Student: 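Structure below; questions to follow.
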Amino acid sequence: MELSKKIRNIAYGVSDFEKLQSRNDYFVDKTHFIPALEKYDYVFFIRPRRFGKSLWLSILETYYDIAKKERFAEFFHDTWILRHPTEERGTYLMLPFNFSAVIADPKGVRNSFESYCEIQIHGTLDKYRSYFPEGAIDFIQQKPTAHEKLSALFKVTSKNNLSLFILIDEYDNFANTILSSIGENAYYDLTHGEGFYRNFFAVLKAGTSGSGGGLKRLFITGVSPVTLDDVTSGFNMGKNISLEPHFNEMVGFTEPEVRTMLEYYQKEGVFKQEIEPTLELMRVWYNNYYFHQSATVSLFNTDMVIYFVQISVDRGTPPDELIDNNIRIDYNKLRHLLLINLQSVAKLNGNFDLLKSLLEDGETTGRILSSFPVKYLTKPDSFMSLLYYFGLLSYAGVREGEPLLKIPNRAVWELMYGYLREAWDDTEVFRLNLWKLAQMIHAMAWHAKWREFFEFLGEQIKIQTSIRDYLSAEKVVQGFLLAYLNVSHFYITRPEREMNKGFADIFLEPFLAQYPEIPYAYLLEVKYFKRDEMTESKLQQVVQKAKDQLTLYLQDEIITQQYAQVKTLGLVIVFHGWELVYLEQVCKLGDAET
């Protein structure tokens, strides 16, 4: 719907601070972090994709731009920094780079990089022409390469007492794409030896060195520290604030910030949903990011909140898809880290086992590395750290002296189950027609036809023998089922759901906020016997225990009150090795079997 001019527009995908403020778009003010940042001249800051990094750089560019000093109140109306400006406001020549504009093709990447850098440097020279002495701009522009232009710019600014501030957004974008899509050799050509990208950072480092370096401030953002470690052997020219607790909330939304946004649009009459149920849904799907083990304030993913609110305002209901496609981390970015090729045959490696273990447990312990080169990505601690930087893991406190890391929310769970399915498919371990599977889950949700789904999976396991080696324990089988129950959006899959002083293995919670007429929910108790352990008497004992557990769980108030309008079916599922040997329904007390 078209919002009234009196109502602040929802700025989905907008990373231009000046445009956002001039249109009076809705803006979550983070400017109180500016004074803290000024303690460091050269800053490196890593956060997952779509978390608000680009908008933050745009804020810094506007705030420090000497050419916009007189328009400070115009751009920073209704912000904290308007009332608390620093001495450095409006004192810099700004040179911004966004390396997502560089074409990630090994044959053309250098020319694309040179061309883009030349445009940005020349744009800065033209913008601040009046600040340069006669002949200085010609001296810089006549240099043939980006590296030489930068070096000349540093000399000129240093000699003429000009303050230069460089911003680099998406510093690792084209390098990561080349690494994941082309391979390590092409990546090494950029970042090692005489690679042009390594030389670019060598020039930056020289600009920060000595009393006449010429580069007064530098702020770099990206999604991982890998490329910077390769081009500079770690950020040894300044401060990496990525793991500093006092910058935990610099990007991302806190719950009070999300609540304020919802309340604003509800007050304006364009957000029709109730605040508390909406917040609970958003907590489950978008929250629980912590960027230091001692951080006490959890963060929502910026993009996902704005995506959710915009669609809710436009349609009056939550999005059909709770995960914005723009937030999905391409499986190909991780593919080369999960597979090895032996005689041209793809096989799963130790990183895949780590990913699978994370999905089975939902958590792990370990220390996040502040930097590591690409050659160490096959090591478990490096791969786990990369998952953290990508936003697939988050701090969740401390356990036995080690940082505890967890999958933060349902959106990430769904993404990671997708990676699991794609890796199995990629290596021909297990392939399924996901469209057909989704249709079966539809039949479960609307017609209680649950048997077809589980028998189909059991039959496919019999046919596709490669998967059998992976079904080696009860928790593994649960993870396998969750990976394929997640192909439809009728249910929110909740493993180990606490109910009646116990924990149900899997609760298929109906997504009533989006599909209020779904008639069926499911509780699953999944049991497992190794190939040589099962006897008929043991099977009956396990089945009876599972039935008793389900009978207890089905009396929980979540089932009897929160989901009283749907019929919750309990299912006992037993695997013997890779075979599905038992499948039976348990209803709520007083219900007849379907």
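The chain is numbered in sequence order, starting from 1. Only a predicted model underlies this, so the values are computations on that prediction, with no experimental measurement involved.
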Student: Taking the basic N atoms (NZ, or NE/NH1/NH2) and the acidic carboxylate oxygens, is any pair closer than 4.0 Å for Lys356 and Glu360?
Tutor: yes
Student: Please verify the inter-ring angle class for His292 with Tyr395; under 30° counts as parallel, over 60° as perpendicular, anything in between as tilted.
Tutor: tilted
Student: Looking at every heavy atom in both Arg431 and Glu428, which two are closest together, and how far apart are they?
Tutor: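 Minimum heavy-atom separation between Arg431 and Glu428: NH2-CG, 3.5 Å.
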Student: Is the shortest side-chain heavy-atom distance between Ile506 and Tyr522 below 4.5 Å?
Tutor: no
Student: Once rounded to the nearest 0.5 Å, what's the spacing between atom CD1 of Ile407 and atom CG of Leu358?
Tutor: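 One finds 6.0 Å between CD1 of Ile407 and CG of Leu358.
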Student: With a 4.5 Å limit on heavy-atom distance, are the side chains of Leu481 and Leu457 in contact?
Tutor: yes
Student: Name the orientation class of the two ring planes belonging to Tyr515 and Phe511 (parallel below 30°, tilted from 30 to 60°, perpendicular beyond 60°).
Tutor: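 It falls in the perpendicular class, over 60°.
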Student: Where the side chain of Asp324 meets the backbone of Met304, is there a donor-acceptor pair that is under 3.5 Å apart?
Tutor: no
Student: Might you point out which heavy atoms bring Ile518 and Pro510 nearest each other, and give the distance in Å?
Tutor: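 Distance-wise, the nearest heavy atoms are CG2-CB, 4.0 Å.
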Student: Kindly compute the distance separating CG (Leu243) from CD (Gln293), expressed to the nearest 0.5 Å.
Tutor: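 That separation rounds to 9.5 Å.
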Student: Does a side-chain heavy-atom distance below 4.5 Å link Asp169 with Phe99?
Tutor: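 Asp169 does not reach Phe99 side chain to side chain.
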Student: Taking it one step at a time, do Asp556 and Phe507 satisfy side chain to side chain contact (heavy atoms under 4.5 Å, CB included)?
Tutor: CA-CA 12 Å; Asp556 189 272; Phe507 177 37; over 6 Å; no
Student: Do NZ/NE/NH1/NH2 and the carboxylate oxygens of Lys475 and Asp361 come within less than 4.0 Å?
Tutor: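 The answer is yes: the pair qualifies as a salt bridge.
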Student: What pair of heavy atoms forms the shortest contact from Ser488 to Ile441, and how long is it?
Tutor: CB-CG2, 3.7 Å
Student: Enter the distance from Asn301:CG to Ile327:CD1 here, rounded to the nearest 0.5 Å.
Tutor: 4.0 Å
Student: At their closest point, which heavy atom of Leu432 faces which heavy atom of Phe456, and how far apart are they?
Tutor: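 Reported closest heavy-atom pair: CD2-CE2, 3.8 Å.
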Student: Would you give the length of the straight line joining atom CD of Glu280 to atom CG of Asn287, rounded to the nearest 0.5 angstrom?
Tutor: 10.0 Å
Student: Grab the two heavy atoms, one from Asn248 and one from Leu299, that are nearest each other, plus how far apart they are.
Tutor: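 Smallest heavy-atom distance, with atoms named: O-CD1, 2.9 Å.
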Student: Under the side-chain hydrogen bond (donor to acceptor under 3.5 Å, both in side chains) criterion, do Asn288 and Ser298 qualify, and how do the steps go?
Tutor: CA-CA 5 Å; Asn288 295 315; Ser298 69; 4.6 Å; no
Student: Test Arg399 against Glu363 for side chain to side chain contact (heavy atoms under 4.5 Å, CB included), laying out the working first.
Tutor: CA-CA 11 Å; Arg399 176 185 290 168; Glu363 62 186 38; 2.5 Å; yes
Student: Any sub-3.5 Å donor-acceptor pair from Arg421's side-chain atoms to Tyr484's backbone N or O?
Tutor: no
Student: Counting distance only, does the side-chain N/O of Asp230 pair as donor-acceptor with the main-chain N or O of Val374 below 3.5 Å?
Tutor: yes
Student: Would you say Val586 and Glu525 make side-chain contact, with heavy atoms under 4.5 Å?
Tutor: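 They are not in contact (no side-chain heavy atoms under 4.5 Å apart), so the answer is no.
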Student: Quickly, which of Phe430, Trp578, Phe575 forms a ring-ring contact (aromatic ring centres under 6.0 Å, His included) with Phe480? Name it, please.
Tutor: Phe430
Student: Is there a donor in the side chain of Asn326 and an acceptor in the side chain of Tyr12, or the other way round, less than 3.5 Å apart?
Tutor: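 There is such a pair between these side chains.
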Student: Kindly indicate, with the supporting measurements, whether the criterion side-chain hydrogen bond (donor to acceptor under 3.5 Å, both in side chains) is fulfilled by Gln544 and Gln540.
Tutor: CA-CA 6 Å; Gln544 188 57 53; Gln540 292 306 316; over 6 Å; no
Student: Quick test of your reading of the model: are Arg283 and Glu255 salt-bridged, counting only N-O distances below 4.0 Å?
Tutor: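 The answer is yes: the pair qualifies as a salt bridge.
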Student: Among Thr191, Thr227, Leu179, exactly one meets side-chain contact (heavy atoms from CB on, under 4.5 Å) together with Asp172. Which residue is that?
Tutor: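 Result for side-chain contact (heavy atoms from CB on, under 4.5 Å) with Asp172: Thr227.
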Student: Identify which one of Phe390, Tyr389, Phe291, Phe45 satisfies the ring-ring contact (aromatic ring centres under 6.0 Å, His included) criterion when paired with Phe51.
Tutor: Phe291
Student: Within the distance-only criterion (no hydrogens, no angle test), does the side chain of Ser181 pair as donor or acceptor with the backbone N or O of Thr177 below 3.5 angstrom?
Tutor: yes
Student: How long is the span from the CG atom in Leu485 to the CE atom in Met440, to the nearest 0.5 Å?
Tutor: 12.5 Å
Student: Just by modelled atom types, is the Asn500 backbone N or O under 3.5 Å from a matching donor or acceptor in the Tyr553 side chain?
Tutor: no
Student: A quick test of your reading: do over 12 heavy atoms of other residues, nucleotides or ligands sit less than 6.0 Å from CG of Leu539?
Tutor: yes
Student: With a 4.5 Å cut-off on side-chain heavy atoms, are Pro106 and Asp189 touching?
Tutor: no
Student: For the pair Asn486 (side chain) and Leu482 (backbone), establish whether a donor and an acceptor sit closer than 3.5 Å, ignoring hydrogens and angles.
Tutor: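 Answer holds: yes.
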Student: For Gln478 and Tyr528, which I'm curious about, is there any donor-acceptor pair between the side chains at under 3.5 Å?
Tutor: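 Short answer, no.
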Student: Between Gln585 (side chain) and Leu569 (backbone), is there a donor-acceptor pair under 3.5 Å?
Tutor: no
Student: Can you see which heavy atom on Ala546 is nearest to which on Val572, and at what distance?
Tutor: CB-CG1, 3.8 Å
Student: Is the number of heavy atoms from other residues, nucleotides or ligands under 6.0 Å of Glu517 CD greater than 12?
Tutor: no
Student: Above 12 or not: heavy atoms from other molecules or residues under 6.0 Å from OH of Tyr376?
Tutor: no
Student: Can you check whether Thr221's main-chain N or O pairs, donor with acceptor, with Arg47's side chain at less than 3.5 Å?
Tutor: no
Student: How about Ser100 and Asn173: does a side-chain donor come under 3.5 Å of a side-chain acceptor?
Tutor: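 Asn173 and Ser100 do not have a side-chain donor-acceptor pair below 3.5 Å.
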Student: Are side-chain heavy atoms of Arg497 and Ile558 found at a separation under 4.5 Å?
Tutor: yes
Student: Would you please test Ile306 and Arg50 for side chain to side chain contact (heavy atoms under 4.5 Å, CB included) and show each step?
Tutor: CA-CA 11 Å; Ile306 296 174; Arg50 310 289 291 193; over 6 Å; no
Student: Quick check, are the ring centers of Phe253 and Tyr286 under 6.0 angstrom apart?
Tutor: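 They do not qualify: ring centres at least 6.0 Å apart.
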Student: Rounded to the nearest 0.5 Å, what's the gap from CG on Leu190 to CD1 on Ile178? Could you check?
Tutor: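 So the CG of Leu190 and the CD1 of Ile178 are separated by 4.5 Å.
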Student: Let's go through Gln273 and Ser312 carefully: what are the C-alpha distance in whole Å and the side-chain angles of both, what is the deciding distance for side-chain hydrogen bond (donor to acceptor under 3.5 Å, both in side chains) to 0.1 Å, and is it a yes or a no?
Tutor: CA-CA 8 Å; Gln273 300 160 51; Ser312 296; 3.1 Å; yes
Student: Verify side chain to side chain contact (heavy atoms under 4.5 Å, CB included) between Arg531 and His576, making sure each step is shown before the conclusion.
Tutor: CA-CA 6 Å; Arg531 296 298 297 169; His576 178 207; 4.2 Å; yes
Student: Is any side-chain heavy atom of Trp424 closer than 4.5 Å to a side-chain heavy atom of Ile467?
Tutor: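 Answer yes - side chains close enough.
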Student: Quick one: does any side-chain atom of Ser385 pair with a main-chain N or O of Leu369 as donor and acceptor, under 3.5 Å?
Tutor: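 Present.
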Student: Taking atom CD as the centre, does Glu274 end up with more than 12 heavy-atom neighbours from other residues, nucleotides or ligands that are less than 6.0 angstrom away?
Tutor: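 It does not: Glu274 CD has 12 such atoms or fewer within range.
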Student: When you compare the side chain of Tyr171 with that of Tyr197, does any pair of heavy atoms fall below 4.5 Å?
Tutor: yes
